[in-house]
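Contents: one structure, followed by commentary.
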Amino acid sequence: MNLPETGFPMRAGLVTNEPASLERWAKAGLYEKLRRQRSDAPKFAFHDGPPYANGSIHLGHLTNKCLKDFVVRSQGLLGKDCPFVPGWDCHGLPIEHKVMGELIKSKKIKELEGLDAWERRARVRAECEQYARTYVELQSSQMVRLLTLADYAHPYLTIQPEFEKAVAEVLADLCARGLVYRALKPVHWSIANETALAEAELEYMDREDTSVFVDFEAADKEKVYDAFGISDADRPGQTPSFMIWTTTPWTLPANLALAVGAKFTYALARIDGNLTVVAEALLERVAKAAKAEDVHVLATTSGASLVGLKYRHPFLDTTPTGQECSDACWTVYDAEYVTLEDGTGLVHTAPGHGAEDYETGKRVGLPIYCPVLGNGVYDDSTPEWLRGQSIWKANDAITERLRHSGHLFHSEVFTHSYPHDWRSKTPVIFRCTEQWFVAIDGKYSIDGDEPRSLRERALWSVDASNPESVHFVPAWARNRLRGMLESRPDWCISRQRAWGLPIPAFHTEDGTAVMTPSLVRHMAEVFGVHGSDAWFTKSAAELLKGWDPASDADLPEALKGLDKATLRKGEDILDVWFESGATWNAVMRRRLGVFPVELYLEGSDQHRGWFQSSLACALGSVGVPPYKAVVTHGFMVDKDGQKLSKSRGDTIEALFTKYGSDVLRWWVASLSYENDAKVDDEFFNIAGEAYRKVRNTLRFMLGNLGDFDAAEMVDLKAIPGTSIDAWALEQFEELSRDVLAAYERYEFRVAHARLYAFCNDTLSAVYLAAIKDRLYCDPKDAPRRRRTQSVLHHVTDGLCRLLAPILPHTADEAYRALRRVPDEDVQASVHLEAALGATGVRADARWPRVMDMRDKALAAIEQARGPADKGGLGIDNPLDAGVSLPSSDGILDGFDPVDLADLLGVSLVSVSPGGAEVVVTDRRSEQRCERSWKRDGTVRPRSDGGLLSDRDAEALGLS
RNA sequence: GGGCUUGUAGCUCAGUUGGUCAGAGCGCACCGCUGAUAACGGUGAGGUCACAGGUUCGAAUCCUGUCAGGCCCA
């Protein structure tokens, strides 16, 4: 008897054995070795999007990191060279915020307060860098433990000088295209610290404010009456007003427009004598608030018919454009954000003091007017009675003024939740500041092509009718990206922080910003050599050594003679999205020398993030999208499909030790990743079960190859097509084709399902069951046994390779077990292999029909198991049965009856050429071979006294 | 509130351009094997295809709306 024997254990012990594999791969230098080995192979350029270097890896990263590794390893399997440089996003507010918090907590902040602004920033940056590097280390080790294959020895970090240089290069390109401009934009502003604040730096606290209902007199009363359809005879002589409600009276000096909702209904009403326009639905509440007694509606009309009407400002005579409401200012517009929640349904709009107001202002062409200085007082553009006054005090002054001039309908004090500066705990305001923008609609031309804007180029690059368009998986991702591109406003790329890449702009003494392409290119070189810290430690003159204003063609004539020493460094840093948007340049184009890249693969949130920022940067810089294909995956949700709570569940380390990476990866491979995936412990357990099944199939095959040497391999393509070995081999080659095709299309779920089904159905249930008899009982060297082992070896080898992208540890373990590689030999690895090629074997074309007959026969055998009164024969063990198979039109001609019997698990099969039905017979009266347990009709006592069949007697050398 | 997206057996999912199936795996139940054994094999039960309308000779598959989720905005 040749029973299975293998060192490949049934129990995986992933918790200890995976780290051993990692160590082995590290010793062998697997990543570098693979690169060398594939140096002449076609390249597959795959680019890692940088996760943020903050915190530990969690479930959300699991899909992303596994899917990426599936790509890397499956491309290797397909014979490609797929270098993969992992990256981290290291700059940005979350880290700076965290670091500042720690500095405050540890009182170290006090040490910094005495320093000058640049020194202080440099110190904070040093802390931030340390913080980021700590998390890069942590995450990197976790990703390694997840068995992902990447150049972890040489990651890209957005804080590396060469990376910073590459980002600045892209910025220089955009400048050269004329896409970068400076303009006003409202931001959260802390008056106490005179600085812009980000969302994360706000604390919402209750605050008491005065809210006012203000009447804005119509500029042309007749037009208002027209809008309400009031006939000439019915028109009152009085001039009607538009009533607004605001909680920030101090922004009224900056009022430039009113907004209404086009689809709402507005009433022209007389409220205690006031003739005013208010949303119909809010009229009652407004009247009640002011305790008005006499309310009478004259007429109603839609918001749409109010659009375009003009009004007079309650206390200003001229707009900031110097005109008297003949321009775009002081007009009623339609805006989507108008609601009937509260107020009057007419919204006071000050583009310099609100985000939505700003958008409206941009849309209809209003100036972005902000009469408030950084320290919170009005500037000289305001009326004398406001000039130099603090806005908080002005609230009262303005309210009083309105009251006296009869514009104040009502005012009341009330408490609401209001944003405060997290450090000074003082209320924050919206204030316009100068920011850097990338123009989305500015046309430019590259290499003399037709001038088109970033938006046009981006839309075209994702347009399905463009033959060179980006490929999207899943297909709807195209629409999602397009929708966002269509509506996105200009990109604000500046931030008022320290932890980031400085925007290399300088300012002349009169405040003019200087940032020419060649100046930025010069600074790119400086960053490349000294890192961006140089911006904080060196003077403008030092930084600009080597840049000659006189020969800078883009510098206005007036500035050509400027003295570099008089320039002041800009204090803005770049939006981190700009940095990650330029990774293709730093990592792929400059470092690896490939552009554009084959594939970007990220979560669906990156439609707004990385996919878009990368596209904008590349189109502006090179004119070509950075990626040829984009794959997106969904998010992790809990068991019930709800958003995953941050505090939930296990740490990633706990998952490693509880299940092992191969099990986690097997689970990820099973996901339809384009949708959201539910996570739960139970699912990992299920994945573990499936993993064990695959493992056991491998183990059984390895066991039966324990005495087989690859040198004994028979010529596979010479195997007769009617043999079950040819069938199995062909099944494997079909599997291989399907799995490789699925890998090529990033359909890991399909590959996963095919592999699992092949192990269970094709192998475990059919082929392995059928060949057991010959493997166990044929003489060791019998041609039939060696032939089967040859196929088994080939299939095992091939299967390991196909599994390798998903189960890197287990596949390698099995691959090495198959070759009996000693532990100390670290070189052999399945991950260096490509998939097996086709052998050219041709299984008989009748096999599908033979398998159909097998199904029928199995059903008949199942039937025969039942007791006699249920039409059965009472046969429990299939080996107690014999089967006669019908072979109409010669379907079974040339097939070996022993193969057929093994395929059915019965003792004997006879072929009946004229038969029509499968006939099962009871063979329990026949002798049973002690060795093979078959009752094949040749069993008789042998010379040693045992009851054996002919085959088994021969195997034992008995007669 | 808007853009994109999901809702098919207890669970995870397949179901191409509307008309042979309402399918697979897991789980569950029952049975076999005991020379893959903390394994292996076989059989079976389970669904008004989220809900409500509509188009059609006919819809899980097309349209509209509702409900419940997800991502990103507002």
Side-chain angles (χ1 to χ4, degrees), chain A residues 1-6 8-11 60 261 263 335-341 355-356 359 472 474-489 602-609 611-612 632-644 667 670-680 682-683 685-690 692-693 695-704 747 749-750 752-754 756-757 759-761 763-766 768-773 775-777 855 858-859 861-863 865-866 872 875-880 904-905 930-933:
Chain A
M1 292 289 283
N2 318 303
L3 295 180
E5 209 181 324
T6 174
F8 186 86
M10 180 181 268
R11 308 205 44 181
K263 39 185 197 295
E336 289 193 353
Y337 52 81
V338 176
T339 70
L340 300 178
E341 300 281 309
E356 290 171 330
E359 293 305 330
F472 289 90
W476 50 256
R478 180 191 302 279
N479 287 339
R480 180 159 182 188
L481 191 55
R482 186 181 55 210
M484 291 176 169
L485 290 169
E486 278 167 351
S487 62
R488 77 152 300 149
E602 304 296 336
S604 68
D605 55 338
Q606 298 305 332
H607 283 100
R608 175 152 294 273
F611 296 151
Q612 214 178 119
T632 50
H633 62 257
F635 274 66
M636 296 284 185
V637 292
D638 72 14
K639 201 174 157 55
D640 304 313
Q642 308 284 119
K643 192 195 188 97
L644 222 48
W667 174 73
S670 78
L671 300 174
S672 44
Y673 62 77
E674 50 279 337
N675 298 326
D676 293 333
K678 295 182 182 176
V679 240
D680 194 72
E682 186 200 340
F683 301 151
N685 283 320
I686 290 170
E689 291 291 326
R692 258 163 274 167
K693 222 150 157 155
R695 181 175 182 88
N696 223 43
T697 302
L698 287 170
R699 175 174 137 89
F700 183 74
M701 293 195 289
L702 291 168
N704 285 105
E747 292 173 355
R749 185 187 158 77
V750 173
H752 166 275
R754 274 296 262 129
Y756 186 59
C759 288
N760 284 304
D761 304 343
L763 291 179
S764 197
V766 182
L768 300 184
I771 62 177
K772 259 186 192 178
D773 174 73
L775 291 171
Y776 291 179
C777 303
D855 291 340
L858 255 27
I861 293 166
E862 184 67 20
Q863 182 69 237
R865 291 171 68 173
I875 301 171
D876 278 338
N877 187 337
L879 279 178
D880 290 340
L904 303 184
E930 293 175 342
R931 191 162 175 271
S932 66
W933 300 335

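Lettering of chains follows the sequences in order, A, B, ..., and the numbering in each one begins at 1. Bear in mind that the values here come from a model prediction, so they are computed numbers and not experimental data. Just so it is clear, the values below take in all heavy atoms, side chains as well, and ignore hydrogens, waters and symmetry mates.
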Find the distance A:Asp761:CG to B:C40:P and express it as a whole number of Å. 13 Å
Whether the side chain of A:Arg608 and the base of B:C71 hold a donor-acceptor pair under 3.5 Å is what I'd like checked. no
Where the side chain of A:Arg480 is defined as all heavy atoms beyond and including C-beta, which of B:A36, B:A14, B:C72 is the nearest nucleotide? B:C72
Has A:Glu930 got more than 12 heavy atoms of other residues, nucleotides or ligands less than 6.0 Å from its CD? yes
Could you tell me which nucleotide pairs with B:G18 by Watson-Crick or G-U wobble geometry, both distances under 3.5 Å, or answer none if nothing does? none
Side chain of A:Trp476 (C-beta onward), nearest among B:A38, B:C11, B:C4: B:C4
Quiz item: A:Ser764 side-chain donor-acceptor pair to B:A36 base, under 3.5 Å: yes
Using the C1' atom as the point on both nucleotides, what is the distance between B:G25 and B:G65, in whole Å? 36 Å
Closest approach to the side chain of A:Glu356, judged atom by atom: which nucleotide of B:C4, B:A74, B:U5 is it? B:A74
Using a heavy-atom cut-off of under 4.0 Å over every strand shown, decide if A:Ala769 touches base, sugar-phosphate, or nothing. nothing
Sequence-aligned protein contact record of nucleotides 26-35 of chain B, with B where the base is within under 4.0 Å of a protein heavy atom and S where only the sugar-phosphate is: S----BSS-B
Please compare A:Gly483 and A:Ala765 by the position of their nearest nucleotide in RNA chain B and report the one closer to 5'. A:Gly483
Please report the distance separating the P of B:A74 from the corresponding atom of B:C11, rounded so that it comes out in whole Å. 37 Å
Rounded to whole Å, the CG-P distance (A:Leu481 to B:C71) equals 19 Å
Base, sugar-phosphate, or nothing for A:Gly634, non-hydrogen atoms under 4.0 angstrom? nothing
Cation-pi geometry met for A:Arg695 and A:Phe8 (6.0 Å, 45°): yes
Taking 4.0 Å as the cut-off, does a side-chain nitrogen or oxygen of A:Arg699 come that near to OP1 or OP2 on B:U37? yes
Reckon A:Ser604 touches a base, only the sugar-phosphate, or nothing at all at heavy-atom distances under 4.0 Å? sugar-phosphate
Once you apply the 3.5 Å cut-off to both distances, tell me the Watson-Crick or G-U wobble partner of B:C67, or none. B:G7
Does a distance-only test, which skips hydrogens and angles, find a donor-acceptor pair under 3.5 Å between the side chain of A:Arg692 and the base of B:A39? no
Separation of B:G41 C1' from A:Leu858 CG (nearest whole Å): 10 Å
As a test of understanding, state which of A:Leu702, A:Asn704, A:Leu698, A:Asn696 forms a side-chain contact (heavy atoms from CB on, under 4.5 Å) with A:Phe700. A:Asn704
Under 3.5 Å: donor-acceptor pair, side chain of A:Asp640, backbone of A:Gln642: no
Who passes salt bridge (Lys or Arg N to Asp or Glu O under 4.0 Å) against A:Arg865, sequence neighbours left out? A:Glu862
With both distances under 3.5 Å as the test, what is the Watson-Crick or G-U wobble partner of B:C28? B:G44
In whole Å, measure the gap between the C1' atoms of B:U43 and B:A38 for me. 25 Å
Gap in Å between the two C1' atoms, one belonging to B:A50 and one to B:U61, rounded: 16 Å
A:Lys772 vs A:Leu768, test: side-chain contact (heavy atoms from CB on, under 4.5 Å). Steps then yes/no. CA-CA 6 Å; A:Lys772 259 186 192 178; A:Leu768 300 184; over 6 Å; no
Starting at CG of A:Asp605 and ending at C1' of B:G3, how long is that distance when rounded to a whole Å? 15 Å
note: A:Leu879, atom CG; B:G41, atom P; distance rounded to Å ~ 16 Å
Identify, between A:Ala477 and A:Asp676, the residue whose nearest nucleotide on RNA chain B lies closer to the 5' end. A:Ala477
Do any N or O atoms from the side chain of A:Arg608 and from the backbone of A:Met484 form a donor-acceptor pair under 3.5 angstrom? no
I'd like the P distance from B:U8 over to B:G70, given in whole Å. 16 Å
Using the test side chain to side chain donor-acceptor pair (under 3.5 Å), find all partners of A:Glu602 that sit at least two apart in sequence or belong to another chain. A:Asn64, A:Lys68
Partner nucleotide of B:G35 by Watson-Crick or wobble geometry (both distances under 3.5 Å): none
Within this structure, what is the CD-to-C1' distance between A:Gln612 and B:C71, rounded to whole angstrom? 14 Å
Report yes if a side-chain nitrogen or oxygen of A:Lys678 is closer than 4.0 Å to either non-bridging phosphate oxygen (OP1 or OP2) of B:U12; otherwise report no. yes
For A:Glu5 and B:A36, give me the distance from atom CD to atom P, rounded to whole Å. 14 Å
Please measure how far the C1' atom in B:C57 lies from the corresponding atom in B:G18, and state the result in whole Å. 13 Å
Using the P atom as the reference point in each nucleotide, state the distance between B:A36 and B:G23 in Å, no decimals. 35 Å
Distance in angstrom units between A:Leu671 CG and B:U6 P, rounded: 16 Å
Could you check whether any side-chain N or O of A:Arg692 sits under 3.5 Å from a backbone N or O of A:Gly688, counting only pairs where one atom can act as donor and the other as acceptor? yes
Taking atom P in both B:G1 and B:U17, what distance in whole Å separates the two? 32 Å
A:Gly634 backbone acceptor or donor facing A:Asp676 side chain under 3.5 Å: no
Heavy atoms under 4.0 Å, any strand shown: does A:Met10 hit a base, just sugar-phosphate, or nothing? sugar-phosphate
Mind telling me whether B:G32 is syn or anti, cutoff 90° either side of 0? anti
Taking the side chain of A:Phe635 as heavy atoms from C-beta outward, which of B:C73, B:C4, B:G70 is closest to it? B:G70
